[in-house]
Structure formats: structure tokens, C-alpha cells
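Notes follow once the structure below has been shown.
Index from 1, following the sequence. Computed from a predicted structure; not experimentally measured.
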Amino acid sequence: MKEKLLEILKLNRNNAITIDEMYLKIFHSKKDTKMYELLCDELNNLIEEKQVYCTNSKKGLYILNPFKEGTCFIKKNKDMYVECGDETFKVTKNTVGACDKDKVLIRITDYNACFCSIKEIIERHGIIGEVKTIKNKRYAVVGNAMYEIDLPNNIVDGMLIGIKVDKVKTGKYFKATLDRVIGHKNAPKIDEIKIIYENGGMHGFSDETYLELKDIPSSVNSCDIENRHDLRQDTIFTIDGVDTKDIDDAVGLKILDNGNYLLGVHIADVSHYVKENTSLDKDARFKATSIYMPGVVEPMYPVELSNGICSLNEGVDRLAISVMMEIDKEGNLINFDIFKSVINSKLKMNYDSVNKILLENIVDPDYEQFVDTLKNMETLAGILRKMRLKRGLLDFDSSEIKINVDDDGNVTSISKRVQSVGENLIEDFMLAANECVATYIYNLGITSIYRIHDYPNMENLTKAVGIIKSYGEKLDVKLNMKDPKVIQNILHELKDTDNYDIYSNMILRCMAKACYSNVNEGHFGIGINHLKNEAYTHFTSPIRRYPDTTIHRILSNILDNNIEKLNGEMYKNNIIDIAVHSSEMERVADNCEKCANKMKMASFMEKYIGQEFNGKISGFTFNGMFVILDNLVEGRIDFSLMDDYYIYNEDLEIVVGERHKKIYRLGDKIRVKVIKASKEEKVIDFALANNKNIKPKTKFKIFKKKK
């Protein structure tokens with residue numbers, strides 16, 4: 001009955017209805033006392049769960065709970081929206097003075113149009129101001145706004161500080177309180193620190209954490225090796241990027257007498273050094289992930305750990321948790337063992353050198369003794385990849401941007417991030433270890449953290465396929481959201497088209513966002529089916545991800561027979577909190593990376609203002625279109641700077657000139673001129689190169705299918 005009640009309320013979600021009306025819509029008959037009482041009880045339960053709201057207790061009117069908590073964000077055109085999980089609502093009324101990224105309570109005023117009003121500010125988002133003293137008063141200056149603030153004397157003019165603005169204005173200026181000291185405006189890498197703060201991340205570590213570092217050894221103590229498998233004589237090595245300093249995974253491979261492969265994946269035992277509820281642990285738990293920006297890394301753990309005792313550096317003893325997997329020639333896991341170990345990496349390999357060996361047979365002298373092992377690894381990785389593709393692994397082959405910078409943070413080049421045979425090899429081995437560990441814990445019935453990925457959005461995917469077909473591409477597919485092979489087939493049929501990068505991104509945007517959960521619900525993108533007792537987690541990067549550290553602690557308790565601890569309610573609730581918070585902080589890290597990339601691209605293009613470039617249209621919005629240049633920089637053309645009134649057809653993903661009927665489509669190659677590039681605003685604006693009739697503000701229209 002609960003589902004039927006919610007269904008009725010959803011159908012009438014813009015209008016409150018009575019219990020009698022609900023009863024009639026559900027049972028289509030005269031009132032039965034017992035059923036009516038059952039309906040009332042279920043309705044009261046939904047009210048207690050805050051899924052239903054009573055708008056008028058005297059008249060007995062009910063509606064889906066229109067109150068939600070979310071986060072504000074303001075677009076360039078000053079429109080304000082609130083994100084509530086996967087839902088987004090446009091703000092039509094903001095009488096409480098909510099600002100960008102504030103946490104707010106909203107009331108949904110129109111479900112169909114996704115309109116809302118802001119009722120309350122739950123928490124102000126910290127904003128960055130510059131300290132200035134004017135007539136002996138201290139202010140935090142943000143753009144043209146000034147906020148009165150009390151500050152200690154050691155915070156001088158020119159310092160950038162994070163502030164929380166008071167909700168109520170007193171006198172001429174709003175008052176603010178100090179949230180965090182960012183640094184001086186001329187300090188090195190201050191822009192990246194600002195980005196971290198603006199997006200809700202944490203820079204640096206607490207004083208207590210730095211004190212705790214004094215007790216962390218710089219090398220492995222002999223007492224720590226007791227009761228561990230000694231693998232220091234085994235052929236084990238690492239493969240990473242040339243500049244990688246936080247190395248948390250090493251690999252080894254043997255061929256067994258029966259012809260099967262024995263793959264060893266050895267992961268740094270960070271949890272041995274970072275004990276629960278210490279300051280080190282609390283800081284890492286809040287950060288939940290390292291943040292990577294061009295030329296800058298904000299580590300989850302201090303470098304003394306991440307680059308030191310926990311990093312599997314070449315030629316030194318390191319503690320690890322090892323997963324030994326016997327895999328047959330079809331890629332099936334035949335047997336496995338998980339244990340605590342001590343290893344000694346024989347060589348720090350890099351992807352460039354490994355790729356030269358496997359693709360060009362060019363061997364660096366340091367690698368000669370490992371060539372046969374690397375070639376066997378390549379064979380096994382191919383077997384694993386083939387098995388996963390057969391199972392449903394999705395490979396979008398999307399082009400990630402790599403922004404290269406010098407020591408001063410200046411952009412030297414922008415290129416596509418290459419995912420070659422060496423990178424794929426390590427990815428395939430880490431997938432195998434993650435799946436093995438997750439399935440092992442899951443089958444033990446112990447509460448854990450899982451990496452889950454839901455089915456794609458059917459409506460969005462159907463629309464995307466329709467648009468691609470309207471562009472003239474032939475797709476012979478029947479959509480089935482529960483089968484990743486359908487997406488595989490779509491990507492395969494589009495692989496050789498000129499606009500594959502655009503089409504694959506359209507399909508990718510239809511995918512659900514992967515996240516962490518205490519419930520194993522499978523992983524669509526990897527083809528993990530929880531109904532077959534399969535599971536997936538993150539275990540292989542405990543230096544960079546807190547869920548991985550948590551998995552290590554779970555394994556450590558299992559291996560040490562501390563199962564009782566893992567069955568406690570406090571432990572289970574803790575796992576839920578970690579999963580939810582880690583998912584949130586993963587989004588923070590993604591936003592930081594995107595902001596930093598935009599800033600660096602804009603900084604790179606500042607010297608090219610007025611110059612022309614070739615590019616192609618990569619996307620549309622209601623008031624402009626995005627263009628990606630041949631040098632991989634992306635910017636935007638505002639319709640107001642074009643030679644006609646352009647109408648955006650959302651269903652066909654085209655724009656049409658109202659008078660001249662000129663059509664612009666995704667993938668169209670055009671010539672543009674750079675008219676603005678601002679590092680501070682993180683924007684790049686283009687105009688059509690041959691456009692002589694630049695018009696003032698244009699009008700916009702949008703066509704949508706009638707429902």
C-alpha cells in the first residue's frame with residue numbers, strides 16, 4: 001500500500017489531496033473501515049518518514065513533502081538553482097539572501113517545472129575575501145562587497161581568508177566570521193588552494209596531525225614484520241607515471257605448472273600506521289581523497305606518509321596487504337589468498353618505458369631482467385580484458401585532457417592523456433584485486449563499503465540515441481538498461497565515426513554516477529552483477545582514497561580474527577557514514593580538478609586574445625555553444641555575438657537562425673576568434689571569426705516535445 005500511496009501522491013504532486021480522495025484512487029470502491037484505517041496508518045508512517053507533508057490539518061490535505069535540503073549554485077546569467085541529490089530546482093523566490101553554494105531548505109512550488117523557493121539558510125558556504133584595513137576597521141573584501149570582521153593582528157592586509165557571512169545584516173555592512181586562513185594573495189600556488197576551499201575541500205593538515213607524524217617511523221621496524229608473509233625475495237615491482245611519488249600498488253606474476261597464472265597484487269598497508277580516530281585518521285577521513293590538479297597535489301595523507309613509509313618505493317622494505325590470485329587462460333579466478341606481507345620492490349617502472357618494451361620492443365637496460373614477466377603480464381591483462389568485455393565492461397575511450405605545467409605553474413602544453421598497454425595492464429590487475437577482495441568480504445556476510453554503479457537513465461539514453469540517429473548515424477540496437485552489452489554495441493557501431501568523441505560523451509552523460517555504499521548493488525560499468533554474488537570495491541589505493549583504507553582495516557580485522565568488532569552496530573553505522581561522506585568528497589575533488597583545468601586553460605589563452613583558431617562545436621546551451629579547438633582548449637560563443645537570432649532545438653541538438661535559417665550542428669568545424677580569456681573568472685569566450693554583424697543581446701527559444 002505504501003507504494004500505491006506514493007504513486008498517487010506523485011501523480012498529484014502539485015496539488016494536495018484528502019485521504020478520501022486517496023482511498024478512492026487506490027480501491028475504486030466504497031469505504032471499508034479496516035482498509036481505511038490501514039490507509040491512515042500507512043499515511044502516518046510516511047509523514048513520520050518525512051516523505052509526505054500535511055498542508056492543512058483541519059481539511060486533511062496531503063502532498064509529497066515539498067521541503068528538501070540542497071545546495072545553491074548561481075549561473076553566469078545570475079539564475080539560481082538548488083541541487084538536492086540527483087534533482088535540480090530553479091529558484092523563483094529567495095527572500096533570505098542565500099548565496100552561491102549555501103546549504104538551504106527549499107519548498108518545491110512546482111514539481112513539473114522544477115521550481116522552488118528558498119525558505120531557510122541551513123549553513124553559509126565559506127567564501128574567500130581579501131583582508132583590508134579602511135579607517136582603522138578590518139574588512140574582508142569580496143569583489144565589490146565588503147564584510148566587517150574581527151581578526152587577530154597576525155592576519156595582515158593582503159591575506160586571503162575564508163569567511164562565513166552572518167545571515168542577518170547589522171548596520172551598513174554584513175558581518176562575517178573567520179573560517180580559515182588561506183594564505184597571502186601573492187603566495188605560490190594560492191590559486192589552487194583557493195579552488196580547494198571554494199569547493200568545500202581541506203588544504204593542509206591539523207597541528208595535531210603534524211605532531212603525530214613525529215611518532216611515525218621512516219623505515220620498517222623488525223617487530224612489524226612478525227607474523228607477515230616475507231615476499232622480499234620475490235620479483236615484485238611497481239609501474240606508475242614518471243612523476244608519481246605516492247606509490248600504493250606493486251605487482252608480480254608467475255606461471256604455474258598447470259599453465260595458470262599466479263598474479264600478485266601488493267597494496268601498501270597504510271592502516272598499519274594510521275590508527276582509527278587519531279588526528280591523522282580524522283583529517284584523512286574528512287578529505288576522503290587526494291585532489292589532483294595540474295602541477296599540484298593536495299594529498300589525503302601528509303607526504304611523510306604518502307611519499308615515505310607508505311609508498312612502495314624501490315629497494316626498501318614496505319608493509320603490504322597482498323592478494324594472490326590463480327587465474328586460468330579464460331580469465332576465471334580459480335583460487336586466491338589474502339594476507340599481510342612485507343615486500344621489497346625491485347624496480348620503479350614507468351608507463352613510458354613499459355609501453356616501449358611491449359609496443360616497440362625497445363628495452364631500457366634496467367628493465368632487461370623483467371621483459372619476460374612484462375610480456376606474460378600483457379598476455380594475462382589481455383585475457384582479463386577480453387573476459388570483462390564479454391561480461392559487459394564499458395570502455396568509452398573518452399579523451400581526458402592532460403595539462404602540463406612548469407615549476408611556476410605556467411602551462412607548457414595541453415595534450416590528450418594516453419591510456420596505452422601499460423596503463424591498461426595495471427588497470428586490469430587492480431580491477432581483479434578489487435573484485436576479489438570485495439567478493440571475499442561480501443560472501444563472509446560482513447558489512448563493508450562497495451563501489452556501486454546504477455543502470456543508466458532510460459529516458460536520457462533514448463533521447464541521446466535519437467539525436468545520434470538524427471545526425472545520420474545508423475544504430476541497430478534495442479535499448480535494455482540492465483544489459484551493459486547494449487551500450488557496448490552502441491559505442492562499437494559509432495567507433496569509426498568522425499564525431500565519436502562527441503557521441504561517446506553524450507552516452508557517458510546518460511550513465512549514473514558511481515559512488516560508495518554499504519549495500520552491494522553491483523557495478524553496471526564493469527559488468528558486476530550482485531545477483532550472482534559478485535561485488536566490487538576500492539582496495540588498491542589506500543594512500544589516495546579513504547574507502548580503500550577502510551577496506552584494509554576490515555581485512556586486517558578478518559585476518560586477525562576480530563570478527564566481533566565488525567558485527568557491532570557502531571561499526572556498521574560508521575561504514576554508512578564513511579560511504580556517504582566519501583561519495584560527497586569525491587565530487588568535491590572532481591569539481592576542484594575541473595575548476596583548475598578551466599583556470600589553467602584560460603591562463604594559457606590570455607596571450608592569444610584577438611587570434612583565430614580552428615575548432616568544432618562540442619555542445620549547446622540555451623544561450624550559446626561550446627567549441628573545442630584543435631589544441632584541445634574549450635570555450636564558448638554567446639548567441640548574442642552571432643549574426644542572427646538563433647533558436648536552440650533541444651530534441652535535435654541543433655541551433656537554427658531565425659531569419660537566414662543557418663543551422664549549426666554538433667561536430668561542425670568552424671573558425672573562431674578569442675575575444676576573452678580570464679584566469680580569475682575561469683572563462684574563455686570566442687566569436688565567429690568572419691562575423692561582421694555582431695548583434696546586441698539576442699532572444700532565445702527552446703523547443704521541447706509535448707508529453
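- Between Glu681 and Arg636 there is no salt bridge, since no side-chain nitrogen of the basic residue lies less than 4.0 Å from a carboxylate oxygen of the acidic one.
- Counting only distance, with no hydrogens or angles, the side chain of Asn557 and the backbone of Arg553 share a donor-acceptor pair below 3.5 Å.
- Annotation: side chain of Ile195 is in contact with side chain of Lys682 (closest heavy-atom distance under 4.5 Å).
- Put simply, the side chain of His203 never gets that close to the backbone of Ile193: no donor and acceptor are under 3.5 Å apart.
- A donor-acceptor pair under 3.5 Å links the side-chain atoms of Asn457 to the main chain of Asn460, judged by distance alone.
- Side chain of Thr537 to main chain of Phe539: no donor-acceptor pair is present (N/O by atom type, distance under 3.5 Å, no hydrogens or angles).
- Comment: Glu87 engages Lys68 in a salt bridge, judged by a side-chain N to carboxylate O separation of less than 4.0 angstrom.
- Distance check: Asn434 CG to Ile551 CD1 gives 9.0 Å after rounding to the nearest 0.5 Å.
- Partners of Glu634 according to the side chain to side chain donor-acceptor pair (under 3.5 Å) rule, which considers only residues two or more places apart in sequence or in another chain, are Ser618.
- In this structure, Thr439 contributes its side chain and Glu534 its backbone to no donor-acceptor pair below 3.5 Å.
- In this structure Glu7 satisfies the side chain to side chain donor-acceptor pair (under 3.5 Å) test with no other residue, sequence neighbours excluded.
- The side chain to side chain donor-acceptor pair (under 3.5 Å) search around Asp548 returns Arg545, not counting sequence neighbours.
- Side chains of His530 and Tyr442: no donor on one and acceptor on the other come within 3.5 Å.
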Review point. Passes side chain to side chain contact (heavy atoms under 4.5 Å, CB included), Val411 versus Val405? Steps please.
Key: CA-CA 4 Å; Val411 180; Val405 299; 4.3 Å; yes
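- A distance-only check finds a donor-acceptor pair linking the side chain of Asp283 to the backbone of Ser206 [under 3.5 Å].
- Under a 3.5 Å cut-off, the side chain of Asn520 and the backbone N or O of Gly522 do form a donor-acceptor pair.
- Residues Cys99 and Ile74 approach most closely at C-CD1, 4.3 Å, considering heavy atoms.
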Review point. Checking side chain to side chain contact (heavy atoms under 4.5 Å, CB included) for the pair Asp281/Lys275: CA distance, chi angles, key distance, verdict?
Key: CA-CA 7 Å; Asp281 181 53; Lys275 303 303 181 184; over 6 Å; no
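- With hydrogens and angles disregarded, a donor-acceptor distance shorter than 3.5 Å links the side chain of Gln488 to the backbone of Leu393.
- Under the 4.0 Å criterion applied to side-chain N and carboxylate O atoms, Asp590 and Lys513 are assigned as salt-bridge partners.
- Here the closest non-hydrogen pair linking Tyr147 and Ala176 is CB-CB, 3.9 Å.
- Minimum interatomic distance between Leu178 and Ile149 (heavy atoms only, all atoms of both residues): N-CD1, 3.7 Å.
- Between the side chain of Glu298 and the backbone N or O of Ile196 there is no donor-acceptor pair closer than 3.5 Å.
- In this structure, Arg285 does not pair ionically with Glu276, as no charged nitrogen and carboxylate oxygen lie closer than 4.0 Å.
- Scanning for side chain to side chain contact (heavy atoms under 4.5 Å, CB included) contacts around Asp110 gives Asn14, Asn112, Ala113, Phe115, with sequence neighbours left out.
- A donor-acceptor pair under 3.5 Å is formed between the side chain of Ser583 and the backbone N or O of Tyr516.
- Closest of all the heavy-atom pairs between Val323 and Cys436 is CG1-SG, 3.9 Å.
- Contacts classified as side-chain hydrogen bond (donor to acceptor under 3.5 Å, both in side chains) and involving residues 90-106 (residues at least two apart or in different chains) are given here: Asp102-Arg124.
- Considering CE of Met300 and CG of Leu305, their distance stands at 10.0 Å, rounded to 0.5 Å.
- Listed by first and then second residue, the ring pair (Phe, Tyr, Trp, His ring centres under 6.0 Å) pairs that reach into residues 269-312 are Phe286-His581, sequence neighbours excluded.
- Side-chain contact between Arg587 and Thr289: absent, with no pair of heavy atoms (C-beta onward) separated by less than 4.5 Å.
- Pairing each heavy atom of Met601 with each of Ile403, the nearest pair is CG-CD1, 4.1 Å.
- Between Tyr450 and Val519, the closest heavy-atom pair is CD1-C, 3.9 Å.
- Arg388 and Glu427 are not joined by a salt bridge, as no carboxylate oxygen comes within less than 4.0 angstrom of a charged side-chain nitrogen.
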